[in-house]
Amino acid sequence: IKNMDGLVVELEEELIEKKNIENERIKSTREALYKAESDSIYMSFIKYSALGQDDKAKEAYDQWLAKVKQIEEENPYIE
């Protein structure tokens with residue numbers, strides 16, 4: 001039984017390591033998608049806000065938030 005406990009601990013550690021590696025890959029994917037797909041929308045929000053164009057700023061903000069949510073839903077972290 002002692003050997004089985006050691007094997008279980010070893011397997012748990014291996015699973016945790018694989019989960020961490022996969023979550024790092026997911027993080028990198030999310031960052032690339034944010035840069036490619038959502039950052040420009042956010043910058044539109046900033047621009048419209050600075051220019052006092054509140055309707056356009058709100059629309060850009062809503063689009064940005066929806067894109068971020070989509071990216072996160074399509075690339076969920078492993079818990």
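The pair Glu22-Lys18 fails the salt-bridge criterion, with no side-chain N (NZ, NE, NH1 or NH2) lying under 4.0 Å from an Asp/Glu carboxylate O. Using a 4.0 Å cut-off between charged nitrogen and carboxylate oxygen, Asp62 and Lys58 count as a salt-bridge pair.
Across all their heavy atoms, Ile41 and Ala60 have their closest contact at CG2-O, 3.3 Å.
Using modelled atom types and a 3.5 Å distance limit, the side chains of Tyr34 and Glu72 yield a donor-acceptor pair.
At distances below 3.5 Å, not a single donor-acceptor pair connects side-chain atoms of Ser40 with backbone N or O atoms of Ala36. Using modelled atom types, one side-chain atom of Arg30 and one backbone atom of Asn75 make a donor-acceptor pair closer than 3.5 Å.
Separation of atoms CG (Asn20) and CZ (Arg25) is listed at 13.5 Å; rounding is to 0.5 Å. Taken to the nearest 0.5 Å, the CD atom of Glu37 stands 6.5 Å off from the CD atom of Gln70. One finds the CD atom of Gln63 at 12.0 Å from the OG atom of Ser38 (value rounded to the nearest 0.5 Å). In this structure, the separation between CG on Asp54 and OG on Ser49 is 7.0 Å, given to the nearest 0.5 Å. To the nearest 0.5 Å, atoms CD1 (Ile16) and CD1 (Ile21) are separated by 12.0 Å. Expressed to the nearest 0.5 Å, how far CD1 of Ile26 lies from CD1 of Ile71 amounts to 14.0 Å.
For an aromatic pair to be called close, the ring centres must be under 6.0 Å apart, and Trp64 with Phe45 fails this.
Hydrophobic clustering, with ILVMFWY side chains joined whenever heavy atoms are under 4.5 angstrom apart, keeps Tyr77 apart from Val68.
Within 6.0 Å of the OH atom in Tyr42, the count of heavy atoms belonging to other residues, nucleotides or ligands does not exceed 12.
For the pair Lys19/Leu15, no side-chain contact is recorded, criterion being any heavy-atom separation below 4.5 Å from C-beta on. The closest side-chain heavy-atom distance from Glu31 to Lys27 is below 4.5 Å.
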